[in-house]
2 protein chains.
Amino acid sequence: MERSPNPELACPVAPVVDIVFSRWTTPILWALHEYGRQRFGELERLLPTITPKVLTQRLRQLERDGLVARTYHAEMPPRAEYEITPLGASLGPLFAQLATWADTGLPEVERARQAYDSH
Amino acid sequence: MERSPNPELACPVAPVVDIVFSRWTTPILWALHEYGRQRFGELERLLPTITPKVLTQRLRQLERDGLVARTYHAEMPPRAEYEITPLGASLGPLFAQLATWADTGLPEVERARQAYDSH
DNA sequence: CAGAATCCGCAGAGATACTG
DNA sequence: CAGTATCTCTGCGGATTCTG
């Protein structure tokens, strides 16, 4: 088995992380996956602490990466709707497994932290 | 089905992301998982672009979270070894599924980006 | 060798205000 | 309503230096 000189690049997980697990992307994808198609304002209400600027940035990134689809209606008032794409939905099992790991993993992490913090 | 007021907190994936997918954590875990127990300098060599300060920070975080174990030998010269814990190793299937998703997902993302960038 | 300490730059987040 | 336009500010991360 040959040693790769740079696991940072060889690590097959790293590129996915940049796409799927950057700031705010998982809560956005989760909201769209759970509650279906949402308007911009609805997403703002679902994610109370995000600012419109950042929400726009993340939605654009997700749209560019093909995980989210945007449909814009130039009515008055304007209407923009966001929904998850098949590619985005294909992350579902992954998120499910992540949630499953969290069930037992997070408590263990919490215990490890308390043990560590009390020297 | 009741609507949670804050998917950012309700999203069961979010807390895991902070622990597992913060900067440099996946390449480090990957390296320890692939190549087994490593000394500090060996990790530095495996991750050529990381600085010792950041490597130390991330290793401390991973140790505190119980994903990595550190054994220190106060010899001369000193020797510190890092290995993945059972908890850290329990992320293996997750990483495998992530890598599997990458096989088909990354090319699709790439196509989506090119389509988006050419308007 | 394995780090700690310090200084520094800057990308990205947040707050606020404005527009088609 | 669905964003943009500025501004500010924090925290990550890099570079450098020092030590047991």
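The analysis underlying the following values was restricted to heavy atoms, covering all of them including side chains, and did not include hydrogens, waters or symmetry mates. Each chain gets a letter, A, B and so on, in the order the sequences are listed, and its residues count up from 1.
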In whole angstrom, give the distance that lies between atom [atom1] of [X] and atom [atom2] of [N].
X: I50(A); N: dA2(D); atom1: CD1; atom2: C1'; value: 14 Å
X: M76(A); N: dC1(D); atom1: CE; atom2: P; value: 12 Å
X: L59(A); N: dA2(D); atom1: CG; atom2: P; value: 11 Å
X: R70(A); N: dA2(D); atom1: CZ; atom2: P; value: 10 Å
X: L47(A); N: dA2(D); atom1: CG; atom2: P; value: 15 Å
X: Q38(A); N: dC1(D); atom1: CD; atom2: P; value: 14 Å
X: Y72(A); N: dG3(D); atom1: OH; atom2: C1'; value: 8 Å

**N/O (side chain, R60(A)) to phosphate O (OP1/OP2, dG3(D)) under 4.0 Å** =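 Result: yes.
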**Under-4.0 Å side-chain N/O to phosphate OP1/OP2 contact, R58(B) with dG13(D)** =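 So the side-chain polar atoms of R58(B) do come within 4.0 Å of the phosphate oxygens OP1 or OP2 of dG13(D), strictly under.
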**Request:** For F40(A) and for V54(B), find the nucleotide of DNA chain D with the closest heavy atom, then tell me which residue's nucleotide is more 5'.
**Result:**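 Its nearest nucleotide being more 5', the pick is F40(A).
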**Asked** Between T56(A) and P78(A), which is nearer to the 5' end of DNA chain D once each is assigned its nearest nucleotide?
**Response**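 Nearest-nucleotide comparison on DNA chain D picks P78(A).
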**Item:** Single hit among R64(B), R58(B), E63(B) for side chain to side chain donor-acceptor pair (under 3.5 Å) with Q61(B)
**Value:**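 For Q61(B), the side chain to side chain donor-acceptor pair (under 3.5 Å) check succeeds only for R58(B).
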**Prompt:** What are the two closest heavy atoms between V68(A) and T85(A), and how far apart are they?
**Reply:**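 That closest heavy-atom pairing would be C-CG2, 3.6 Å.
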Can you tell me how far the [atom1] atom of [X] sits from the [atom2] atom of [Y], to the nearest 0.5 Å?
X: L43(B); Y: L32(B); atom1: CG; atom2: CG; answer: 5.0 Å
X: R60(A); Y: D65(A); atom1: CZ; atom2: CG; answer: 13.5 Å
X: R70(A); Y: Y82(A); atom1: CZ; atom2: OH; answer: 4.5 Å

**Message:** Using a 4.0 Å heavy-atom cut-off, does P52(B) contact any base of the nucleic acid, only the sugar-phosphate backbone, or nothing at all?
**Reply:**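 No contact.
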**Prompt:** Which is true for E75(B) with a 4.0 Å heavy-atom rule: it touches a base, it touches only sugar-phosphate, or it touches nothing?
**Reply:**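 Answer is nothing: E75(B) stays at 4.0 Å or more from every strand.
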**Request:** Classify the side chain of K53(A) versus the base of dG3(D) as yes if they form a donor-acceptor pair under 3.5 Å and no if they do not.
**Result:**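 There is none.
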**Prompt:** For DNA chain C, which nucleotides open and close the run of contacts to chain A, 5' to 3', at under 4.0 angstrom from a non-hydrogen atom?
**Reply:**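 Range of nucleotides touched by chain A: dA13(C) to dG20(C).
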**Prompt:** With a 4.5 Å limit on heavy-atom distance, are the side chains of E44(A) and P52(A) in contact?
**Reply:**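 Yes, side chains in contact.
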**Asked** Quick one: are E34(A) and C11(B) in side-chain contact, heavy atoms under 4.5 Å?
**Response**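 Counting from C-beta outward, E34(A) and C11(B) never come under 4.5 Å.
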